[in-house]
2 protein chains.
Amino acid sequence: MAHELEQKALASYLEDHNLKHTKQREAILSIFLDIKGHITGEELYQRVREQHSNIGYTTVYRTMKLLCDAGLASERHFDDGITRYEIEHEHHDHLVCLRCGKIIEFECQKIESAQDEIVKRHDFQLLRHRHELYGHCSECQGKERGGS
Amino acid sequence: MAHELEQKALASYLEDHNLKHTKQREAILSIFLDIKGHITGEELYQRVREQHSNIGYTTVYRTMKLLCDAGLASERHFDDGITRYEIEHEHHDHLVCLRCGKIIEFECQKIESAQDEIVKRHDFQLLRHRHELYGHCSECQGKERGGS
DNA sequence: ATAGGTGCAAAGGATTTGCATGGAA
DNA sequence: TTCCATGCAAATCCTTTGCACCTAT
């Protein structure tokens, strides 16, 4: 079985929470893990459909929510308002190309510590943040408009 | 007339663009300017209604879009997906309390310059960014759940 | 007179929910 | 057998649009 580690993680999460292990959940996890970048619910649904024409939209959404709870995926919201999912991994932020839609990850210790200062200054308890840089990627800078 | 400067700015924007100066636009601008913080379309609509029960939802939305184009307002999108408007002013970012909904503005030169570095490193052309810190404000840190 | 503006209701798009059926445990 | 999961359709939420009427210019 591909993605054995993650499938096991899912299985044990399901057991621990008295939830059921279904073909749909296994299939959606597997297809989701095959994708490297950030995928929308719609896109994921399409991919799932290619292999499992009987799986519904609803199940994809519900399963992604489940995978987020299980710590295998995380939700991202960029400016277009469409929810995207990515494989859960260490903290990072994003550069988003407004022409081709490319999403690049970055992390920056300088910013993190500057944030900590701000949070302290306002006596805030920081739970999470969101930091996105929007612009044109190197490939799109010459173009009038961008495709993908 | 209150907010004379802004009303004039609106008037000249309207003239320049062959648009019409209406009571609704004047009223919405005036009420919007009375609000200090960040307001949702819904809240603004309610406030407008208190004084002008004949103004519709649609007009509030359309007018806010107009005010944004005119540079008098700007739209903000936080994690709850609801559009908020604020008076247009120099660049800043936000701290958002997840309990009481309080929104605090901040600006940080350190972060700005760190961003510039990242953007250069990826050969990106930066157009705008979004940086939001979510957590609990000082007043809400003791509470189980928050009102307001 | 003539564009643009308004307000209602209806549409829109992404996501969620109700409900009867299906399938793990 | 029991309860959770599924899939469809309908509902939801915020926001936008169509359209007939209205009103600045």
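Letters A, B, ... are given to chains in the order of the sequence lines, protein chains preceding strands, and every chain is numbered from 1. Computation of the quantities below employed the complete heavy-atom set of this structure, encompassing side-chain atoms and omitting hydrogens, waters and symmetry-equivalent molecules.
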For A/Lys8, the side-chain hydrogen bond (donor to acceptor under 3.5 Å, both in side chains) test, sequence neighbours excluded, returns none
Name all residues meeting the side-chain hydrogen bond (donor to acceptor under 3.5 Å, both in side chains) criterion together with A/Arg84; count only those two or more places apart in sequence or in a different chain, and write none if there are none.
-> A/Asp80
Relative to each other, are the rings of B/His38 and B/Phe78 parallel, tilted or perpendicular (30° and 60° limits)?
-> perpendicular
Go through the structure and list residues passing ring pair (Phe, Tyr, Trp, His ring centres under 6.0 Å) with A/His92, not counting sequence neighbours.
-> A/His89, A/His94
Sugar-phosphate means primed atoms, P, OP1 and OP2; the rest is base. With that split, encode nucleotides 2-9 of chain C 5' to 3' as B, S or - using protein heavy atoms under 4.0 Å.
-> -BSSBBBB
Partners passing side-chain hydrogen bond (donor to acceptor under 3.5 Å, both in side chains) against A/Arg121 (at least two apart in sequence or in another chain) | none
Could you run down the sub-3.5 Å N/O contacts of the protein with nucleotides 10-13 of chain C?
none

Rounded distance in Å - CG (A/Leu44) to C1' (C/dT15) = 14 Å
In whole angstrom, give the distance that lies between atom CD of A/Glu43 and atom P of C/dA14.
-> 11 Å
Mind checking side-chain hydrogen bond (donor to acceptor under 3.5 Å, both in side chains) for B/Tyr61 and listing every partner two or more places apart, or none if nothing turns up?
-> none
Rounded distance in Å - CZ (A/Arg84) to C1' (C/dA14) = 12 Å
Along DNA chain D, first and last positions that approach a heavy atom of chain A under 4.0 Å | D/dC3 to D/dA9
Members besides B/Ile82 in its Ile/Leu/Val/Met/Phe/Trp/Tyr cluster (side-chain heavy atoms under 4.5 Å) = none
Keeping to residues at least two apart or across chains, list the side chain to side chain donor-acceptor pair (under 3.5 Å) pairs with something in residues 63-76 of chain A.
-> A/Ser74-A/Glu88, A/Glu75-A/His77, A/Arg76-A/Glu86
How many Å lie between OH on A/Tyr61 and P on C/dT17, as a whole number?
-> 13 Å
Across all chains, not counting sequence neighbours, the ring pair (Phe, Tyr, Trp, His ring centres under 6.0 Å) partners of A/Tyr134 are none
Kindly check if the number of other-residue, nucleotide or ligand heavy atoms within 6.0 Å of CZ (A/Arg130) is above 12?
-> yes
Summary of side chain to side chain donor-acceptor pair (under 3.5 Å) pairs that have at least one residue in residues 10-21 of chain A, sequence neighbours excluded = none
Mind checking A/Thr83 for me? I need base, sugar-phosphate or nothing, with any heavy atom below 4.0 Å counting as a touch.
-> sugar-phosphate
